[in-house]
Number of protein chains: 2
Amino acid sequence: MSEVYKALADPTRRRILQLLREREMSAGEIAGHFDLAKPTLSGHFAVLREARLVSPEKTGTTIIYRLNVSVLEEALMALMDTFKVDPKPAAPQGVAENPKLGGPS
Amino acid sequence: MSEVYKALADPTRRRILQLLREREMSAGEIAGHFDLAKPTLSGHFAVLREARLVSPEKTGTTIIYRLNVSVLEEALMALMDTFKVDPKPAAPQGVAENPKLGGPS
DNA sequence: TTCCTATTTCGCTAATTAGCAAAATACAAA
DNA sequence: TTTGTATTTTGCTAATTAGCGAAATAGGAA
């Protein structure tokens, strides 16, 4: 799960995911959308694969990358759950007002 | 907005946010939850402040950190919108089975 | 004022990472 | 087999970053 955070932390990888959200694409086609060398993009693909955010499908010499929507969905859900954020416009969330400042130090 | 991704990418910072989700705490009290030096934690606080995920409030010599729930909420919403993910459980859909290429050949 | 506590800022080091060119791998066609 | 195309792996450099101890800053108490 931590790999997902790492994968999402890079803007290039987020753009790749957005591209794949529209339709699946080959590695070279994705690379064509960036001003980066192909080995650089290949490295980004590896990070996205490790996070299970994309799945490669080899057909001939080309590799088709497809967005793994369910993994992305699960990751965002877990994120919301971790921070107890509701998908609805939040009710006034009571913040504890007992900070106990000087504390037990 | 990109600062939020960066802030969430580090596990220590995510634990800090989880602590602050329960109640606001002073910098020193937060530091007490970790085996890290205080300057290290102070650096993490700075990243969280830059992302506007926490707000500091100075009272005397102590600084109380409070979770900025609305910012976290907005960030997660924007993330879901970016990737067009619905807050409902989705139909099961092919999950990646092997991050490496070449497969079981 | 001096002293104590809380927190940050300053250097610095080690580890990580994004980027590239070149080489290697894999596959299809001739 | 050789050739050509698509993609990854290798080896490297520069930039970023998490970590630390020491010093600096700020406020309250004596």
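All chains are named by letter (A, B, ...) in the order of the sequence lines, taking the proteins before the strands, and each is independently numbered beginning at 1.
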Measure from CG on D10(B) to P on dT17(C) and round the result to the nearest Å.
11 Å
Starting at atom CD1 of I63(B), determine the distance to atom C1' of dT7(C), rounded to an integer number of angstrom.
6 Å
Which atom of S55(A) lies closest to which atom of N68(A), heavy atoms considered:
OG-ND2, 3.1 Å
Residues of residues 40-50 of chain B with a heavy atom under 4.0 Å from any atom of DNA chain C, listed by number, are S42(B), F45(B), R49(B)
Side chain of P39(B): nearest nucleotide among dA22(D), dA22(C), dG19(C)?
dA22(D)
Restricting to non-hydrogen atoms, name the atom on A7(A) and the atom on L48(A) that form the minimum distance, rounded to 0.1 Å.
CB-CD2, 4.0 Å
Rounding to an integer number of Å, can you tell me how far R13(A) CZ sits from dT17(C) C1'?
9 Å
Working for side-chain contact (heavy atoms from CB on, under 4.5 Å), residues L17(A) and V54(A)
CA-CA 8 Å; L17(A) 292 177; V54(A) 301; 4.0 Å; yes
Rounded to whole angstrom units, what separation is found between the NZ atom of K38(A) and the P atom of dC20(C)?
13 Å
Heavy-atom closest pair (D81(B) atom, R21(A) atom, distance to 0.1 Å) is O-NH1, 4.1 Å
Heavy atoms of R14(B) and L8(B) approach each other most closely as NH1-O, 2.7 Å
Which atom names give the shortest non-hydrogen contact between A75(B) and V4(B), and what distance separates them?
CB-CG1, 3.5 Å
Between E74(A) and R52(A), is the closest basic N to carboxylate O distance under 4.0 Å?
no
Output, in order, the C-alpha distance, side-chain angles, deciding distance and verdict of side-chain contact (heavy atoms from CB on, under 4.5 Å) for L79(B) and Y5(B).
CA-CA 10 Å; L79(B) 201 53; Y5(B) 292 106; 2.8 Å; yes
Check this for me: does any side-chain nitrogen of one of R23(A) and E29(A) sit under 4.0 Å from a carboxylate oxygen of the other?
yes
Between I64(B) (CD1) and dA6(C) (C1'), how many Å, whole number?
11 Å
Y5(A) OH - dT17(D) P separation (whole Å)
19 Å
In 5'-to-3' order, the base (B), backbone-only (S) or no-contact (-) status of each nucleotide in nucleotides 24-30 of chain D, using a 4.0 angstrom heavy-atom cut-off, is --SBS--
Can you sort out which residues in residues 20-37 of chain A have a heavy atom within less than 4.0 Å of DNA chain D? Ascending by number, please.
S26(A), A27(A), G28(A)
Short side-chain N/O contact from Y65(B) to OP1 or OP2 of dT8(C), under 4.0 Å:
yes
Donor-acceptor contact below 3.5 Å, side chain T82(A) vs main chain A78(A):
yes
List the atom of L20(A), the atom of M25(A), and the distance in Å for their closest heavy-atom pair.
CD2-N, 3.7 Å
